[in-house]
Each structure stands twice: as structure tokens, then as C-alpha cells.
Amino acid sequence: MRPLLPLRLRRVAAAGLPRCFGMARRGGPAWRLSIEGNIAVGKSTLVRLLGKTFPEWQMVTEPVAKWRKVQASSSREASSSQNFGNLLQMVYQEPSRWSYTFQIYSFMSRLKAQLEPLSEKLLKTQEPVQIFERSVYSDRYIFAKNLFELGHLAEIEWTIYRDLHTFLLQEFGDRIALHGFLYLQATPKKCLERLHQRGRPEEKAIQLKYLEQLHTQHENWLVKKTTEVHFENLRNAPVLVLDVNNDFEDDPAEQEELMRKVKAFIKTL
Ligand SMILES: Nc1ncnc2c1ncn2[C@@H]1O[C@H](COP(=O)(O)OP(=O)(O)OP(=O)(O)O)[C@@H](O)[C@H]1O
Ligand SMILES: Nc1nc(=O)c2ncn([C@H]3C[C@H](O)[C@@H](CO)O3)c2[nH]1
């Protein structure tokens with residue numbers, strides 16, 4: 001589906017609408033950005049820093065806890081609080097068996113995240129910004145694509161996944177649109193170091209090779225732009241590349257510089 005207006009114009013149009021007007025809330029007068037990057041590159045760490053620096057912004061984190069403890073979502077079924085298992089562990093242990101299930105579930109949870117309404121706090125701010133940790137786009141153009149190329153998704157599963165993905169993104173249209181991406185870039189080696197340092201049990205067996213493959217997928221999509229994407233607004237979406245090889249966690253000057261770059265990027269949108 002073609003967007004009615006380019007994102008920039010739509011934002012301007014929406015910003016002029018009164019706050020109570022439904023469309024203004026939905027399509028968003030807020031700037032909507034997704035943080036992308038390899039496993040353990042530091043996305044959650046950056047989200048925390050952004051949250052501290054800009055407390056009025058809304059952060060939507062990746063729902064990894066839900067993937068580690070899959071439960072029914074309808075209230076009646078959920079009340080029995082039955083735990084169906086740790087899907088993250090299952091996909092790492094037996095990727096050919098569980099990749100399709102994982103991608104359907106992660107895609108659905110990212111879709112829900114991108115549909116989240118603006119928080120009360122955000123509604124009161126002058127320059128509202130929503131930050132998402134990964135997106136429906138990385139679900140497809142990083143992870144699902146990579147799993148297909150590795151042979152963990154069968155041709156028929158990859159076809160059904162893409163069909164569903166394209167259909168739902170077209171159906172939701174502007175409601176899930178993003179204005180740009182913050183791409184956290186570090187060497188796969190650095191990511192592996194951080195992954196080991198974090199010590200998530202499900203990720204123990206991850207090899208450097210897997211992080212190298214995911215690194216290449218990120219570079220092809222967000223830097224070289226050689227990945228074929230299927231959504232017009234995604235093709236021209238602005239990308240801010242942030243080199244996070246340096247350990248910024250305990251370095252206030254480095255943190256300040258990162259925050260300055262993000263702020264300046266938003267001003268260019
Ligand atoms: N710039 C940094 N310098 C030093 N350590 C860092 C940096 N960024 C993150 N870390 C550390 O690396 C580990 C992974 O970081 P984090 O959990 O933020 O990664 P992530 O990108 O959110 O991971 P995932 O892809 O699994 O969601 C954590 O232990 C964190 O403290
Ligand atoms: N297979 C697969 N598909 C995804 O879309 C996806 N998104 C995140 N992850 C893995 C990376 C971290 O281990 C952990 C937290 O990011 O979850 C994924 N794995």
C-alpha cells in the first residue's frame with residue numbers, strides 16, 4: 001500500500017491536529033525510531049541511557065521475557081498462567097524445528113509493540129519521541145532472512161512468513177510507520193564478548209560465526225542497502241550509524257556524544 005503522504009509531510013500534517021483528534025495520536029505526531037543492531041551490541045543499554053537523558057520519551061523494549069516464558073494471552077486462558085516453555089531456548093537448541101514458530105511469535109510481538117499508543121507522559125511533551133528496541137523490519141530482514149539462508153526455515157515456511165508479514169504491514173499501514181533507525185554498530189567479536197559478559201543461559205552456544213552472519217545482514221540492510229525491501233517508506237528511511245565499539249557505559253563524555261548525535265539526527269528528520 002502506498003503511503004498517502006511522505007512520512008515527513010504526514011508528521012507535519014498530524015502535528016497540526018488537536019491532541020484529542022484520534023488520527024493525531026495514531027499516525028503519530030511523535031517521532032518513531034527503532035534501535036537496530038547485533039545480539040548484545042548494547043541496545044538495551046542505550047535504551048536505558050536514552051531514558052535517563054530524555055525521561056519524557058517513551059521506550060518500548062524488546063519483549064524477550066515473553067519469548068522465554070510463552071503464555072496464552074487471552075484473559076481466560078492466561079488466568080491458568082500455564083507456561084508453554086522457553087521459546088528462545090528452544091530456537092537456539094533446535095533451530096530447524098522452532099525457527100518458524102519463533103519468527104511468527106516475535107513478529108507478532110513486535111507488531112503489538114509498534115502499535116502501542118503514546119504514553120500519557122509523551123502526550124504532554126512538545127517533541128514526543130518513541131523508541132523501539134528492534135522492529136518488524138529486523139524481524140524479517142535480519143533474523144528470518146538469515147534463518148532461511150542457513151536452511152533453518154524451509155522454503156514453504158519462509159514464503160508463508162513473508163506473505164503474512166507483507167499483508168499485515170500493509171493492513172496496519174501508517175499505524176506502525178517509523179521515521180528512522182539508530183543502527184548500533186560494533187564488531188561481531190565485541191558483541192560476542194558482551195554476550196558472554198551478560199551470560200544469558202539460552203545464548204551460551206552462540207558462535208562468532210552466527211554474529212558475523214547477523215552483522216552482514218545489518219550492514220546489507222542499513223548501510224550498503226543491498227537487501228531487497230518490500231515497503232516503499234522503508235527504502236528511504238534515514239539511518240544514524242552509531243559506532244559503539246567503545247565502552248560507553250562508564251564514560252560520561254562518550255555518552256554525551258552519543259546523546260548529542262541522536263538529538264541532532266532527530267532534528268534532521
Ligand atoms: N558500550 C558498551 N560498553 C561496555 N559494555 C556494554 C556496552 N553496551 C552494552 N554493554 C554490555 O554488554 C552486554 C549486552 O548489552 P545489552 O543487553 O544492552 O545488549 P542488547 O543489544 O540489548 O542485546 P540483545 O540483542 O540480546 O537484545 C551487557 O552486559 C551490557 O552491560
Ligand atoms: N531467531 C530470532 N529471531 C528474531 O527475530 C530475534 N529477535 C531477537 N532474537 C534473539 C537474539 C537474542 O538472543 C535475544 C534477545 O534479543 O533474542 C531473535 N532470534
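Each ligand, and each atom within it, is numbered from 1 in the order the structure gives.
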Please work out, at 4.0 Å between heavy atoms, whether the side chain, the backbone, both, or neither of Leu184 comes within that distance of ligand 1.
neither

Closest by any non-hydrogen atom to atom 24 (P) of ligand 1: pick that one out of Glu203, Arg198, Glu133, Glu202.
Arg198

So which bit of Leu46 gets within less than 4.0 Å of ligand 1, heavy atoms only: side chain, backbone, both or neither?
neither

Closest to atom 3 (N) of ligand 1 among protein heavy atoms sits Asp247 CA, 3.0 Å

Calculate, to the nearest 0.5 Å, the distance between atoms CD1 and CG belonging to Ile131 and Leu50 respectively.
5.5 Å

Compare Glu249, Glu62, Gln255 and give the one whose heavy atom is closest to atom 27 (O) of ligand 1.
Glu62

Give a yes/no verdict on whether any heavy atom in Gly37 is under 4.0 Å from an atom of ligand 1.
no

Nearest-0.5 Å distance that lies between atom CE in Met59 and atom CG in Leu46
8.5 Å

Measure up the Tyr92 and Tyr210 rings against each other and bin them: parallel (under 30°), tilted (30 to 60°), perpendicular (over 60°).
perpendicular

Please write down residue, atom name and distance for the protein heavy atom closest to atom 14 (C) of ligand 1.
Ala40 O, 3.7 Å

Which residues pass the ring pair (Phe, Tyr, Trp, His ring centres under 6.0 Å) test with Phe248, not counting sequence neighbours?
none

One finds that the ligand 1 atoms under 4.0 Å from a non-hydrogen atom of Arg134 are 25 (O)

Considering all heavy atoms, the nearest Cys191-Ile39 contact:
CB-O, 3.4 Å

Report yes if Arg48 has an N/O atom closer than 3.5 Å to an N/O atom of ligand 1; otherwise report no.
no

Pull out every atom of ligand 1 sitting under 4.0 Å from any heavy atom of Asn38, numbered as shown with elements.
21 (O), 25 (O)

Rounding to 0.5 Å, atoms CG (Leu169) and CG (Leu111) come to a distance of 6.5 Å

Heavy-atom distance to atom 20 (P) of ligand 1: which of Lys43, Arg194, Glu36 wins?
Lys43

In terms of residue, atom name and distance, what is the protein heavy atom nearest to atom 9 (C) of ligand 1?
Thr45 OG1, 3.3 Å

Counting non-hydrogen protein atoms only, what is the nearest one to atom 8 (N) of ligand 1? Give residue, atom name and distance.
Gly42 CA, 3.7 Å

Set of residues that line ligand 2, where lining means a heavy atom lies under 4.0 Å from it
Ile39, Glu62, Val64, Trp67, Leu88, Tyr92, Phe102, Gln103, Ser106, Arg110, Arg134, Asp139, Phe143, Leu147, Arg200, Glu203

When you check the gap from the basic side-chain N to the acidic O, do Glu133 and Lys43 get nearer than 4.0 Å?
no

Going from CG on Asn246 to CD on Gln255, what distance comes out if it is rounded to the nearest 0.5 angstrom?
12.0 Å

Can you tell me if Phe167 has over 12 outside heavy atoms packed within less than 6.0 Å of its CZ?
no

Any ring-ring contact (aromatic ring centres under 6.0 Å, His included) pairs touching residues 32-65, not counting sequence neighbours?
Phe54-Trp57

Just how far is it from atom CG of Leu242 to atom CE of Met259, taken to the nearest 0.5 Å?
8.0 Å

Begin from the C-alpha positions of Arg194 and Asp247 and carry the test salt bridge (Lys or Arg N to Asp or Glu O under 4.0 Å) through to its verdict.
CA-CA 10 Å; Arg194 289 179 186 166; Asp247 291 1; 3.2 Å; yes

Side chain to side chain donor-acceptor pair (under 3.5 Å) involving Thr166 - partner list, sequence neighbours excluded
Arg140

Between the candidates Glu254, Arg200, His196, Gln197, which shows the shortest non-hydrogen contact distance to atom 11 (C) of ligand 1?
Gln197

Atoms of ligand 1 less than 4.0 Å from Phe248 heavy atoms?
1 (N), 2 (C), 3 (N)

Does the plane of the ring in Trp221 sit parallel, tilted or perpendicular to the ring in Tyr141? Use 30° and 60° as the thresholds.
tilted

Min heavy-atom dist Leu195 to ligand 1 below 4.0 Å:
no

